[in-house]
Amino acid sequence: MYIPYRMNDLLGAILGKQLSALRLEIFDADRLDGDGLLYDSNDTLDFQQPIAGGDRISSNRRLELGGRHWTLRFTELDGFRRTNKLEPPWPEFLAAAFISFLPVFFSAAYIKARRSSLIAAHLTESLKQSERRFRSLFENSPVAYAALDRSGCLLDVNPQLCALLDYPHDELVGKNLFDLLAEDADNAPDFGLKLQMLNHYGVLECELALRRRSGGTITVILDGRLQSRKTGGAVIHCILTNITERKRAEDKLQLAARVFAEAHEGITITDATGLSSTPIRPFARLPVIRATR
């Protein structure tokens with residue numbers, strides 16, 4: 001029952017101000033009389049009152065919906081200009097088209113946002129897996145590793161370096177490498193200059209004597225590389241190799257060579273056959289034995 005009455009709204013959208021010059025009557029079925037009249041857009045005119053002018057336009061249209069039908073009669077009134085070019089309701093059409101496309105826009109935006117969310121989640125998970133792999137390599141590496149800032153402060157260390165210096169992780173992180181240098185080490189004063197060279201050239205390899213927490217000194221070779229961060233700043237990745245035993249053996253050999261060279265007693269080194277191969281100077285200066293023999 002409601003749908004036929006919206007016909008007047010449709011005509012209003014099409015005709016605009018010309019709607020008042022057109023009469024719309026809605027009848028029940030085919031009963032074109034007063035009893036069958038259901039709606040009249042111009043109730044100022046009596047149903048039985050004739051409309052002046054025999055050349056007026058009048059048209060009947062039958063509408064059937066859901067097994068029921070109505071008759072719509074359109075009649076021209078005074079002031080209706082037939083020569084008017086009736087324009088379609090473009091604003092209404094555009095608004096309807098825009099509203100009909102809104103679900104498409106929203107669906108596309110949702111799909112795009114969902115896709116971006118899935119990509120971000122995949123990248124985040126990949127980054128987490130890479131960090132876990134790097135952390136596993138970092139902690140299980142057989143060599144001592146440390147990450148420093150440009151000033152030499154320890155940003156992170158692995159368990160091997162903690163065991164090497166006999167420090168717990170929480171206590172070692174945050175210390176400056178300068179604080180761990182042995183006070184009686186020959187190369188301690190030069191480390192500041194070497195650190196500046198590392199910051200400038202990006203590469204450093206040097207020998208350091210470090211103090212252990214439990215006491216004693218160890219000698220290490222520090223191999224450092226400077227790496228810039230995309231977020232800004234830089235970090236120095238260092239591998240520390242313990243050469244304490246090797247250093248002690250070298251010191252003993254150097255001491256033995258110095259004693260051998262500076263000794264005042266007659267000393268010589270013989271081969272397996274008993275022939276002298278390396279006499280030292282005091283022994284070679286004896287009048288009886290010469291170095292060539």
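The first residue of the sequence shown is numbered 1, and numbering continues consecutively from there. All heavy atoms count here, side chains included; hydrogens, waters and symmetry mates do not.
Closest approach of Arg212 and Tyr167 over heavy atoms only: C-CE1, 4.4 Å. Contact record, Leu165 with Arg211: CD2-O, 4.2 Å, taken as the closest heavy-atom pair. Shown here for Thr219 and Thr244, the closest heavy-atom pair between the two residues is N-OG1, 2.9 Å. Nearest heavy atom pair, residue Ile236 against residue Cys238, reads CG2-SG, 3.5 Å. Of all the heavy atoms in Asn176 and Ser151, the pair that sits closest is ND2-O, 3.2 Å. Considering every non-hydrogen atom in both Leu154 and Leu172, the closest pair reads CD1-O, 3.5 Å.
You'll find the side chain of Cys206 stays beyond 4.5 Å of the side chain of Ile221, heavy atoms only. Side-chain atoms of Leu204 and Leu226, non-hydrogen and from C-beta on, never get closer than 4.5 Å to each other.
Atom CG of Leu222 sits about 11.0 Å away from atom CD of Glu207, to the nearest 0.5 Å. Atom CG in Asn199 sits 5.0 Å away from atom CG in Leu195 (nearest 0.5 Å). Of the inter-residue distances, the one linking Leu38 atom CG with Arg31 atom CZ reads 8.5 Å to the nearest 0.5 angstrom. Residue Thr241 holds its OG1 atom at 8.5 Å from CZ of Arg246, rounded to the nearest 0.5 Å. A distance of 12.5 Å separates CZ in Phe101 from OG in Ser107, rounded to the nearest 0.5 Å. One finds the CG atom of Leu37 at 5.0 Å from the CZ atom of Phe27 (value rounded to the nearest 0.5 Å).
Val235 and Phe178 end up in different hydrophobic clusters when Ile, Leu, Val, Met, Phe, Trp and Tyr side chains are linked at under 4.5 Å. Cluster annotation: Val173 and Leu240 are assigned to the same hydrophobic cluster (Ile/Leu/Val/Met/Phe/Trp/Tyr, side-chain heavy-atom contacts under 4.5 Å, transitive).
No donor-acceptor contact under 3.5 angstrom links the side chains of Thr71 and Asn60, judged on distance only. A donor atom on one side chain and an acceptor atom on the other are found under 3.5 Å apart for Arg62 and His69. Side-chain N/O atoms of Ser130 and Arg133 include a donor and acceptor closer than 3.5 Å.
Ionic pairing of Glu245 and Arg248 is present here: one or more N-O contacts between side-chain nitrogen and carboxylate oxygen are shorter than 4.0 angstrom.
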